[in-house]
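Please read the structure below before turning to the comments.
A quick note: this is a predicted structure, and the numbers were derived from the prediction, not measured. A note on names: the letters A, B, ... follow the listed sequences, proteins ahead of strands, and every chain is numbered from 1.
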There are 2 protein chains.
Amino acid sequence: MDYKKFLKQGNTMFLPNLSIDTVIIGNDKNVLKCLLLKMGNKWMLPGGYIKNDEDVDEAASNILKQRTGLKDPYLKFLAVFGDKNRQFKKLWQEFISDVNLEWEDDSWLNKRFVTLVYYSLVNIGDTHPTVGFFDETFGWFDFDDLPAMWMDHKSIALTAREKLKEDVQHDYNVYNLLPEVFTMPMLYQLHQNILGEEIDRSRFQKKMLASGLFERLPKVKKNTPGSNPFQYRVKKSL
Amino acid sequence: MDYKKFLKQGNTMFLPNLSIDTVIIGNDKNVLKCLLLKMGNKWMLPGGYIKNDEDVDEAASNILKQRTGLKDPYLKFLAVFGDKNRQFKKLWQEFISDVNLEWEDDSWLNKRFVTLVYYSLVNIGDTHPTVGFFDETFGWFDFDDLPAMWMDHKSIALTAREKLKEDVQHDYNVYNLLPEVFTMPMLYQLHQNILGEEIDRSRFQKKMLASGLFERLPKVKKNTPGSNPFQYRVKKSL
DNA sequence: ACAAAAGTGTTCAGCCTACACCCATGG
DNA sequence: CCATGGGTGTAGGCTGAACACTTTTGT
């Protein structure tokens, strides 16, 4: 699909007034990052619309796969953003004229949109992001230092960041942010980064091992002082 | 709004392809019940559509207030149901002809709908349900004995029932199912009913009191054998 | 030899569990 | 005075918190 078809025929291809946004979270050198796309002079969350013959979940999953290049990324529903004023006619107008396209006052994009937000946890090293036809480039941004963003996307991203903080205490799913094979110190650092506070190393390790989720592999050879850590991966659940 | 306006002009008043459904849960004689409306020969969850100038949350809240007659009922988002096949043309056609209205093949109601589902916990005694213009009557149904229901409403209701079971272990919000003033034995029974298993009475009471959520009132005079229980109500949080 | 990193132990307090016990009330 | 229901107490076990200890490794 090219942008002309998107602008002209989007109203017939997609469910109207509904969008999907995804907050794609990665972890780089112990800083939590968020994948954003640059459109015009502002950044935005990867998102899209729901085709008439597509499940909502499917649409979210497709968007995520397209943008990250991953086969089966971890995906979870976050929230609905449905304010009555959630309408971005002015922003679209600015952008469309900036890129020298024909502005249409009654475009389907100018209407109010309810957006369904999902969030995803990925290992940045495994991703091969691709941009959409309106996007100049992509970038991974520290949650504490997000750039100027379209619409309400910044607050959506921060909502996901908060949700992750809540979730990490119950679920242990955050290993999705690491490579397939990782060490306990890596997982430990990650939990600390997400929570933003120190946790007891000994207790952490015992809790993780006791969970039975992880399978111990041979030690890695690292070239720094200190003992070599074991590697782990998630047990393939039968 | 009358049904003619609804059928003819719904497409201009509401966000298209989007609906809201609410699973309204009550507790009657230690059985969990669900408020349903009878439309034609089947029952359905109370629901509605989102006005163009209405927040999604507001719409859900309005639907809930209208149907229960309550001022400020407890409301929580449950899930999105967005299957591509979620379209009920045939059912609408049946119903519309059953009640001798004009069937229109291209009605906005015949399209695919994504529904945003909320669930609510109410004290049945406080409610004064009212029916909509398509509904014959309302009824409270045991979750284990739901009647024939429209579309996928039965599975939506059961999803809410499951969610409640999960939530009761973390949140203590289920007191919303009881009258404003209640006793510990009542709360204890309620938790047991939701979980479907016995829990230790002593421990339960201590946990609830330790939570600091409840304020002790004078004992009730009941006319059955055994000691009179204290009454409690939820502390007004400053 | 030393410092840093990784893994594991140890101790203590606090909480959960499973009962037991006591008191109030109606029949 | 007995059965029932409501409130609380208690002994044992388990878990979490805080910290200590040991081993491994590079410099």
To the nearest angstrom, the CG-P distance between A:Leu217 and C:dG7 comes to 12 Å
- Item | Ring centers of B:Phe113, B:Tyr49 separated by less than 6.0 Å | yes
Restricting to nitrogen or oxygen on both sides, can you table the protein-nucleotides 10-16 of chain C pairs closer than 3.5 Å?
residue, atom, partner, partner atom, Å
C:dT10, O4, A:Lys206, NZ, 3.2

Atom CG of A:Leu209 and atom P of C:dT8 are separated, to the nearest Å, by 7 Å
A:Gln205 atom CD is separated from D:dC19 atom C1', nearest whole Å, by 16 Å
- Evaluate the salt bridge (Lys or Arg N to Asp or Glu O under 4.0 Å) criterion for residues B:Lys76 and B:Asp167: first the C-alpha distance (whole Å), next the side-chain angles of each, then the deciding distance (0.1 Å), finally the verdict. CA-CA 11 Å; B:Lys76 196 171 163 181; B:Asp167 283 3; 2.9 Å; yes
**Prompt:** Is it true that the side chains of B:Asn176 and B:Asn173 contain a donor and an acceptor less than 3.5 Å apart?
**Reply:** no
d(B:Phe143 CZ, B:Leu164 CG) to nearest 0.5 Å is 7.5 Å
Per the under-4.0 Å heavy-atom filter, residues of residues 188-199 of chain A near DNA chain D come out as none
Contact check, residues 218-233 of chain B vs DNA chain C, heavy-atom distance under 4.0 Å, returns B:Lys221, B:Lys222, B:Asn223, B:Thr224, B:Pro225, B:Gly226, B:Ser227, B:Asn228
Between the side chain of B:Thr183 and the main-chain N/O of B:Gln231, is any donor-acceptor distance below 3.5 Å?
-> no
Has B:Lys51 got more than 12 heavy atoms of other residues, nucleotides or ligands less than 6.0 Å from its NZ?
no
Separation of D:dC19 atom C1' from A:Phe204 atom CZ, nearest Å, is 19 Å
| task | Examine distances only and state if a side-chain atom of B:Gln192 and a backbone atom of B:Gln189 form a donor-acceptor pair shorter than 3.5 Å. | result | no
Polar side-chain atom of B:Asp55 near backbone of B:Asp57 as donor-acceptor pair, under 3.5 Å = no
To the nearest angstrom, the CZ-P distance between B:Phe214 and D:dG7 comes to 14 Å
